[in-house]
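Reviewing the structure listed below.
Order of the sequence lines fixes the chain letters, A, B, ..., with proteins taken first and strands second; residue numbering starts at 1 for each chain. The basis for the numbers below is simple: all heavy atoms, side chains too, and nothing from hydrogens, waters or symmetry mates. If you're wondering where the values come from, they're calculated on a predicted model, not measured in any experiment.
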Amino acid sequence: MLQVSFIRNNSELVKQRLAVKNFKDIHLVDEILVCDDERKKLQLEFDITQAKVNVASKEIGTLIAKGEKDKVEIAKQQVAGLKETLQPISEKLAVIEKLLNESLVKLPNLPSELVPKGTTPTDNIIVKEGGDICKLYSSAVPHWDLIKKYDLVDFETGAKITGSGFALYKGKGAKLQRALIQYFLDYNINAGYTEYLPPFMVNEASAYGTGQLPDKEGQMYFMPADNFYMIPTAEVPLTNIYRDEILKEESLPIKMTAYTPCFRREAGSFGKDVRGLNRVHQFDKVELVQIVHPDKSYTVLDEMVEHVEQLLKSVNLRYRILKLCGGDMSFASALTYDFEVYSAAQEKWLEVSSVSNFETFQTNRMKIRFKNENGKMQLAHTLNGSSLALPRIMACLLENNQSPNGIALPEILHPYFGSNIIS
RNA sequence: GGUGAGGUGGGUGAGUGGCUCAAACCAGUAGUUUGCUAAACUGCCGUACGGGUUAAACUGUACCGAGGGUUCGAAUCCCUCCCUCACCGCCA
């Protein structure tokens, strides 16, 4: 969330940037400023009165020590009077603070200057295309047919065990999935990321910290008996490792990677493009998270994009990189690049990674700070990116590499998979 | 799940109602001293929101796991919850 002090000093800029995100409730900005002024007034009033109470209470202590009982009674009555005036002030203060916070939490992050204007995915800008165009033979089929043919994934039994959208990987399908996870993690570790294996459920504070709450609770699976949320991405547990911590400036950047399954209810969006592995409720993903110095975050964003691009190249998939327009960006992001791979048999681009800079949006919520060289407290920046979301990668690998003899895997996967072909 | 012991600043750890605006030590930091390495000594060393100031200085309030309560006054007493550790039970 944005800092009130920043909004106060840059209210026009805030409104103007929010418009780029097509944010409707611009009036919240002015309401926040009014609330904050009121809060300050009340706080000051409260502090002054409370200070008097504190002084009087100390006096009572010394009066008791001296044994002046009459004066003690008078002083006690004075304090009682002060506390009566304090009562309504603190009630008002609590109300205004709640109001202020509710409004603050509704403001999305400001898009960076680099974000293109636009409202829908068609306004996203293709910044790069790469990888070889793959030529399919005439009787090539989509991955859902290949999955059946080679018995790699069983959706029917997944639905029997759990429900629709829960895939049961099997045999070489399960092994390929494991090989991809292993390869992606190794690739990230080689680039200096520390591997984690975090909990797959998080508490409310963690879901709030990365911005899933209070906005998107409908998109997460919730365990009411314990108040836990199933993670929609490893970003949530990874970033929350450093919640409420004051870091040493020299410990930045912090680079983390983790494999986790991701759980998404897909409420509202289900029914569209759900065939095969295109959209499922539980999928595997290897994630990258960095916590960095604010001066470095856009350089790091470029590095992460480059990192993911090289990974896609190494598995020989045709890809393109999109810079998301204001209207298609997530609530918490300041700048996002999406990666899509080309599914040759479906003749469709599938999103497999999203790399974002959140600037201070998450760290302000989570209070991840460091002391800068002047000894001042400063919020760090966070970034994250997928490397990569597995099901769609698998779909494209199967489709684009199919031949009458089987599915030839990219060379880099051979040692991980233990074979060069699925047949 | 049961019983017990705990949760205090970056770390260790004292503090059972007012003399604690949290001791001491360690780490950190600035300086002094001494040929170097290093040691000794001295000062500084929490966060948030305010007031104040050109900026400081200075200053108010809150915070000792979280939230309530008792009291003129709570780290300290009471209640609820969370977490950690130990043992027991159950279990992969």
Side-chain angles (χ1 to χ4, degrees), chain A residues 1-9 32-105 197-209 213 222-229 237 240-252 254 291 360 363-380:
Chain A
M1 91 187 146
L2 303 176
Q3 294 178 90
V4 185
S5 57
F6 180 83
I7 298 172
R8 198 189 300 146
N9 297 327
I32 285 167
L33 293 178
V34 171
C35 266
D36 192 47
D37 282 345
E38 182 66 14
R39 181 194 61 83
K40 277 205 261 183
K41 254 172 59 189
L42 287 167
Q43 185 72 55
L44 187 60
E45 210 179 324
F46 181 90
D47 286 356
I48 289 169
T49 314
Q50 182 65 49
K52 287 181 190 164
V53 171
N54 290 346
V55 169
S57 295
K58 274 237 165 90
E59 257 175 47
I60 291 171
T62 45
L63 288 176
I64 288 171
K66 286 184 197 160
E68 304 189 41
K69 282 187 180 165
D70 306 346
K71 288 185 180 171
V72 167
E73 282 314 310
I74 294 164
K76 278 193 185 183
Q77 275 172 24
Q78 269 179 354
V79 172
L82 284 171
K83 290 189 95 177
E84 247 170 69
T85 65
L86 218 46
Q87 175 80 5
I89 300 173
S90 75
E91 278 170 12
K92 273 193 227 164
L93 196 58
V95 170
I96 204 89
E97 275 176 345
K98 188 163 173 260
L99 209 63
L100 179 63
N101 200 261
E102 281 169 359
S103 298
L104 270 175
V105 151
L197 184 59
F200 300 160
M201 295 183 218
V202 293
N203 59 29
E204 202 176 319
S206 294
Y208 171 82
L213 294 180
F222 180 59
M223 324 294 272
D226 298 286
N227 277 326
F228 294 151
Y229 294 87
N240 273 282
I241 291 170
Y242 288 95
R243 168 155 49 88
D244 292 321
E245 295 218 3
I246 297 167
L247 304 165
K248 292 229 161 70
E249 188 170 5
E250 58 269 25
S251 70
L252 303 174
I254 292 165
I291 300 173
T360 59
T363 52
N364 187 35
R365 288 187 172 207
M366 275 188 265
K367 301 287 169 264
I368 302 180
R369 295 162 295 173
F370 67 96
K371 245 188 199 148
N372 66 21
E373 51 202 12
N374 303 322
K376 293 266 188 204
M377 223 30 113
Q378 214 178 332
L379 292 169

Counterpart base for B:A22, defined by Watson-Crick or G-U wobble contacts under 3.5 Å
none

Could you check how far CD of A:E245 sits from P of B:G65, rounded to whole Å?
18 Å

In whole angstrom, give the distance that lies between atom CD of A:Q43 and atom P of B:G50.
8 Å

Quick one: are A:F6 and A:T360 in side-chain contact, heavy atoms under 4.5 Å?
no

Atom CG of A:D244 and atom P of B:C82 are separated, to the nearest Å, by 19 Å

Please tell me which of A:D36 and A:F46 maps to the more 5' nucleotide of RNA chain B, matching each residue to the nucleotide holding its nearest heavy atom.
A:D36

Among B:U47, B:C49, B:G73, which nucleotide has an atom closest to any side-chain atom of A:S57?
B:G73

Regarding A:D47 and A:Q43, do their side chains bring together a donor and an acceptor under 3.5 Å, going by distance alone?
yes

Looking across every strand, which nucleic acid part, if any, lies under 4.0 Å from A:A51 by heavy atom: base, sugar-phosphate, or nothing?
sugar-phosphate

Rounded to whole angstrom units, what separation is found between the CD atom of A:Q3 and the C1' atom of B:A48?
12 Å

For B:U76, the Watson-Crick or wobble partner whose two distances fall under 3.5 Å
none

Using a strict 4.0 Å threshold on nitrogen-to-oxygen distance, state whether A:K98 and A:E102 make a salt bridge.
yes

Tell me the partner of B:G46, counting only Watson-Crick (N1-N3 plus N6-O4 or O6-N4) or G-U wobble (N1-O2 and O6-N3) with both under 3.5 Å; none if nothing fits.
B:C63

Provide, to the nearest angstrom, the distance between the CG atom belonging to A:L42 and the C1' atom belonging to B:A62.
16 Å

Strictly below 4.0 Å: does A:Q78 bring a side-chain N or O up to OP1 or OP2 of B:C72?
no

State, yes or no, whether a side-chain contact exists between A:I291 and A:I368 at a heavy-atom distance under 4.5 Å.
yes

Go through B:C72, B:G60, B:C49 for me and flag the one nearest to the A:D47 side chain.
B:G60

Any chance you could measure A:T363, atom OG1, to A:R243, atom CZ, to the nearest 0.5 Å?
13.5 Å

Nearest whole Å is fine: how far is B:C72 C1' from A:Q77 CD?
11 Å

At under 4.0 Å between heavy atoms, what does A:K248 touch on the DNA or RNA strands: base, sugar-phosphate, or nothing?
nothing

Output the rounded distance in Å from CD1 (A:I48) to C1' (B:U61).
10 Å

Considering only atom C1', compute the distance from B:U71 to B:C91 and round it to an integer number of Å.
48 Å

Counting heavy atoms from C-beta on, name the nucleotide in B:C72, B:U61, B:C49 closest to the side chain of A:V79.
B:C72

Quantified in whole Å, what is the P atom distance between nucleotide B:A5 and nucleotide B:C77?
13 Å

Give the nucleotide from the list B:G50, B:U47, B:G73 with an atom nearest to the side chain of A:K371.
B:U47

For B:U70, which nucleotide is its Watson-Crick or G-U wobble mate, given both distances must be under 3.5 Å?
none

Does the structure show a Watson-Crick or G-U wobble partner for B:U54, both distances under 3.5 Å? Name it, or say none.
none

Same-atom distance (C1') from B:G31 to B:G68, integer angstrom
49 Å

How far does the C1' atom of B:G67 sit from the matching atom of B:C82, given to the nearest Å?
10 Å

On a whole-Å scale, what distance lies between the P atoms belonging to B:G4 and B:G60?
44 Å

When the P atoms of B:A14 and B:G51 are considered, how many whole Å apart are they?
40 Å

Can you tell me how far P in B:G52 sits from the matching atom in B:U70, rounded to whole Å?
35 Å

Do we see a donor-acceptor contact under 3.5 Å between the side chains of A:S57 and A:N54?
no

Just wondering, do A:Q3 and A:L379 contact through their side chains at under 4.5 Å, heavy atoms?
yes

Gap in Å between the two P atoms, one belonging to B:G2 and one to B:G13, rounded:
29 Å

Distance in angstrom units between A:R243 CZ and B:A66 P, rounded
14 Å

Considering Watson-Crick and G-U wobble pairs with both distances under 3.5 Å, what does B:A40 pair with?
B:U32

If you define the side chain from C-beta out and look only at heavy atoms, does anything of A:Y208 sit under 4.5 Å from A:M1?
yes

Can a side chain N or O of A:R369 be found less than 4.0 Å away from OP1 or OP2 on B:G46?
no

Residue pair A:K58/A:K376 against RNA chain B: nearer the 5' end by closest nucleotide is A:K58

Any A:N54 side-chain N or O less than 4.0 Å from OP1/OP2 of B:U61:
yes

Partner of B:G17 by Watson-Crick or G-U wobble geometry, both contacts under 3.5 Å, or none?
none

What nucleic acid atoms does A:K41 come within less than 4.0 Å of, heavy atoms only: base, sugar-phosphate, or nothing?
nothing

Are OP1 or OP2 of B:G73 and a side-chain N or O of A:K83 less than 4.0 angstrom apart?
yes

Checking N1-N3 plus N6-O4 or O6-N4 for Watson-Crick, or N1-O2 and O6-N3 for wobble, each under 3.5 Å, the partner of B:G6 is B:C83

